[in-house]
Amino acid sequence: MSTKRYRNESLSSGFNGEGAIAGASDGAFIRSYYGYENQAGALGSREPIEEQRRRLPAFGHRAQLLYAIETHPVVIVIGEPGSGKSTQLPQYLYEAGWAANGKAIGCTQPRRIAAAMLAQRVSQEMGVEIGTTVGYSVRFSDACSPETTRIKYLTDGTLIRECLADPLLSAYSVVMVDEAQDRTIATDMLLALLKKILCRRKGDLRVVISSASLDAERFKTYFDACYSADGPPGTGSVAILSISGRQFPVDSHYLTKPCENYLVASIEAVMKIHAREPAGDILVFLPGKDDIGQAVAETHEHARRENRLDTLMITSLSAGLSTDEQRRAFDPAPPGQRKVVYSTNVAETSVTIDGVVYVVDCGFVKQRVFDPASGLDHLVTRAISKSSAVQRAGRAGRTQPGKVYRLYTSEAFSSGLFARHDVPEICRLSLAPMAMTLKALGVDNLVRFDYFQSPPPELLSQALEHLASLGALEPQSTALTPGFGLYLAELPLDSMLGACLLNGVAKYKCAREAIAAVAMLAVGGDPFVMPNGQCSEAGADKRDFMVVEGDVLTLVNVLIAYQETPARVRSQWCDLHFLNSRMLDQADRISRQLGGLLAKMGYLRELCLSCGRDFTRLQRCLVSGLFANAARLEADGTSYRLVRGGSVMWVHPSSVLFQATPKPVFVVFVEAMQTTKLYMRSLTAIDPNWLTEAAPHYFSAE
DNA sequence: GAGCACTGC
């Protein structure tokens with residue numbers, strides 16, 4: 001490993017190392033969620049809150065920001081992490097009277113946890129109860145009151161939903177779109193909707209776009225175009241502001257020659273840091289859970305052989321872990337020990353781990369991509385972007401100067417192998433949900449819509465064809481069909497699952513089972529836990545719920561049994577049957593939310609209908625939404641072939657049909673996964689006649 | 001006989 005001192009320019013530029021103090025920051029704030037607010041965080045500090053607020057970099061820009069927003073309908077704020085932009089800007093606007101007219105200042109976040117935590121933090125800073133002046137609104141949790149809430153944190157998805165009821169967002173005087181560099185589909189949609197709304201509201205709405213990256217010009221160009229048409233010519237519509245962050249310098253170290261195996265290299269790097277570097281925790285970025293598990297085991301083994309096990313605290317972090325399991329990664333190492341956290345991308349933006357001084361970056365990430373030709377999702381491991389590398393490195397400099405060890409050469413990093421930015425979601429995911437929402441908002445022509453970034457035409461046409469095949473679009477006008485299409489757009493579900501649900505309720509009269517099925521599938525994952533040493537007992541319990549019709553019916557059995565268990569003993573019941581109670585609780589909440597939405601759509605009477613033991617009704621209901629994912633057994637008796645498109649597919653080993661012999665001749669699946677083979681997950685055995693019944697047009701050529 | 005990155009309404 002090269003020890004040449006190399007300071008990454010994009011990291012050191014604009015970073016304010018000198019004079020930086022540990023105090024209130026976005027990071028300290030997120031950390032407080034895990035209960036560590038007393039460690040150098042703002043909340044436990046003796047310093048009065050007002051004093052802490054004044055020390056934030058954002059405070060020095062207060063007047064400048066307020067002037068900019070007074071004189072410009074759109075302000076773009078480039079803020080480094082730790083600048084205080086997310087917590088302070090809305091407060092400055094509130095203090096300056098932007099909410100005095102009874103309207104609210106909205107601040108959107110891509111993630112629920114960030115919205116809730118920011119609201120928590122800001123309500124404390126302002127000394128008010130959460131849900132009064134300061135509130136938040138995310139799925140399943142609404143701490144807002146329309147009468148009193150003036151600063152409102154919400155996810156961008158929630159604000160888009162609010163657009164459906166209030167297309168001009170008339171309840172807001174200012175909308176701040178935070179973390180715009182993430183470029184989620186929801187953020188992209190919101191930018192486009194806000195541009196339209198700005199033109200209609202004639203100057204009484206302000207938009208603040210807050211982004212960590214430096215491509216402010218792109219945001220400016222997009223919103224400037226809005227004003228060249230019907231506003232005064234020339235400049236004056238969009239202002240750009242830059243707020244430096246609170247970040248210590250991070251020295252970058254590259255490999256002198258490429259490594260063959262990033263897993264081996266990362267463990268070596270950890271052991272070297274541990275042997276040679278002064279105190280400070282190590283954060284290692286790996287692409288997936290399996291890598292992390294292996295790394296934990298091998299690091300353990302290395303440390304044991306070197307007789308240094310008592311000097312290392314080895315932890316892992318990924319989104320799938322329970323809160324208790326995650327907590328260990330945030331626990332401080334005991335005295336005399338150094339903590340190592342092997343993490344997926346969650347640690348890149350979503351959470352901040354205190355005390356990290358060294359970052360090891362393998363240079364890879366797992367990303368979902370959608371193939372419009374087959375209509376299938378794939379999970380691929382690919383090289384990270386340069387901005388992602390900078391973000392990962394920055395994690396080493398939150399509390400003191402740090403070091404990043406990059407497991408690739410500096411030549412490779414400068415080459416085209418690492419893209420400048422990540423491919424935004426609108427260019428790599430299925431656009432069916434976006435297309436439905438835009439249609440529901442009255443956007444007729446999705447091809448000529450003024451996107452922040454235009455999606456690839458093949459993704460857009462695939463989405464429209466897909467929605468048409470489900471019966472959500474009128475054949476000629478491509479408007480949403482009055483009942484089905486509009487309802488589908490209102491459901492917080494993937495379009496295929498939404499179609500299963502609506503047909504299950506209205507057509508197949510099995511609302512109870514249909515709701516249970518889509519709720520379980522929406523949560524995702526495997527409800528059956530296999531504890532070490534108790535695999536045979538756990539396997540026996542799994543068999544109690546298993547049915548030959550496949551995974552989805554098995555999931556329905558599990559959730560209905562859970563729901564029939566009295567609430568106070570559900571958790572013990574789950575332990576007894578080796579089930580993941582967190583997952584079932586989440587599925588139960590989703591099923592209740594869906595029930596409420598269906599009742600509002602006028603299906604109150606149908607809601608209690610059940611198909612009982614008549615499973616075929618539920619199977620036909622599933623086919624009505626999943627027919628595009630139909631596969632037929634090949635002559636070999638194990639592999640399948642997609643009915644439309646012809647890809648060869650395999651039953652995923654997690655499926656209850658994996659061991660079944662003989663296998664069903666026809667199946668529908670919920671998702672495809674490409675790893676060593678193209679696997680089908682969440683299967684249901686079907687009768688091929690149901691395919692033509694559900695979608696005669698779709699299978700007419702067969 | 002393999003293994004789910006991460007969000008969100």
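Both backbone and side-chain heavy atoms feed into the values below; hydrogens, waters and symmetry mates do not. Chain naming here is simple, since letters A, B, ... match the order of the sequence lines and numbering starts at 1 in each.
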Would you call the rings of [X] and [Y] parallel, tilted or perpendicular if under 30° counts as parallel and over 60° as perpendicular?
X      : Y      : result
A/F418 : A/Y408 : tilted
A/H652 : A/Y679 : perpendicular
A/Y603 : A/Y487 : perpendicular

Please report, rounded to the nearest Å, how far the [atom2] atom of [N] is from the [atom1] atom of [X].
X      : N     : atom1 : atom2 : answer
A/L379 : B/dC6 : CG    : P     : 10 Å
A/L164 : B/dC9 : CG    : P     : 14 Å
A/D182 : B/dT7 : CG    : C1'   : 9 Å
A/E179 : B/dT7 : CD    : C1'   : 13 Å
A/E425 : B/dA5 : CD    : C1'   : 12 Å
A/L159 : B/dC9 : CG    : C1'   : 12 Å
A/D377 : B/dC4 : CG    : P     : 13 Å
A/I292 : B/dA5 : CD1   : C1'   : 9 Å

Practice task
Start with the C-alpha gap between A/I426 and A/L431, add the side-chain angles, then the distance that decides, and say whether side-chain contact (heavy atoms from CB on, under 4.5 Å) holds.
Solution key: CA-CA 7 Å; A/I426 200 166; A/L431 299 181; 4.1 Å; yes

Handout entry: salt bridge (charged side-chain N to carboxylate O under 4.0 Å, His left out) contacts touching residues 428-437 of chain A (sequence neighbours left out)
Key =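 Residue pairs with at least one partner in residues 428-437 of chain A: there are none.
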
Exercise for the section: Could you list by number each residue of residues 585-602 of chain A showing a heavy-atom separation from DNA chain B of less than 4.0 Å, or answer none if no residue does? Expected result: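 Nothing qualifies; none.
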
How is [X] classified with respect to the nucleic acid when contacts are heavy atoms under 4.0 Å: base, sugar-phosphate, or nothing?
X      : result
A/E671 : base
A/I185 : nothing
A/Y679 : sugar-phosphate

Do any side-chain nitrogens or oxygens of [X] fall under 4.0 Å of OP1 or OP2 in [N]?
X      : N     : result
A/R681 : B/dA2 : no
A/T155 : B/dG8 : no
A/T437 : B/dC9 : no
A/T344 : B/dC6 : yes

Residue [X], side-chain heavy atoms: nucleotide from [options] that is nearest:
X      : options             : result
A/S318 : B/dC6, B/dG1, B/dG8 : B/dC6
A/M673 : B/dC9, B/dG8, B/dC4 : B/dC4
A/Q659 : B/dG1, B/dA5, B/dC9 : B/dG1
A/V346 : B/dT7, B/dG8, B/dC4 : B/dT7

Problem - Upstream residue (5' side of DNA chain B) when A/R161 and A/H652 are each assigned their closest nucleotide - result: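 Upstream on the strand: A/H652.
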
Handout entry: Upstream residue (5' side of DNA chain B) when A/G288 and A/P492 are each assigned their closest nucleotide
Key =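 The residue mapped nearer the 5' terminus is A/G288.
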
Handout entry: Donor-acceptor under 3.5 Å (A/T299 side chain, A/A295 main chain)
Key =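 Answer holds: yes.
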
Handout entry: Neighbour count >12 (heavy atoms, 6.0 Å) for atom NE2, A/H300
Key =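 Open: at most 12 neighbouring heavy atoms sit under 6.0 Å from NE2 of A/H300.
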
Handout entry: Side-chain heavy atoms of A/I151 within contact of A/Y136, under 4.5 Å
Key = no

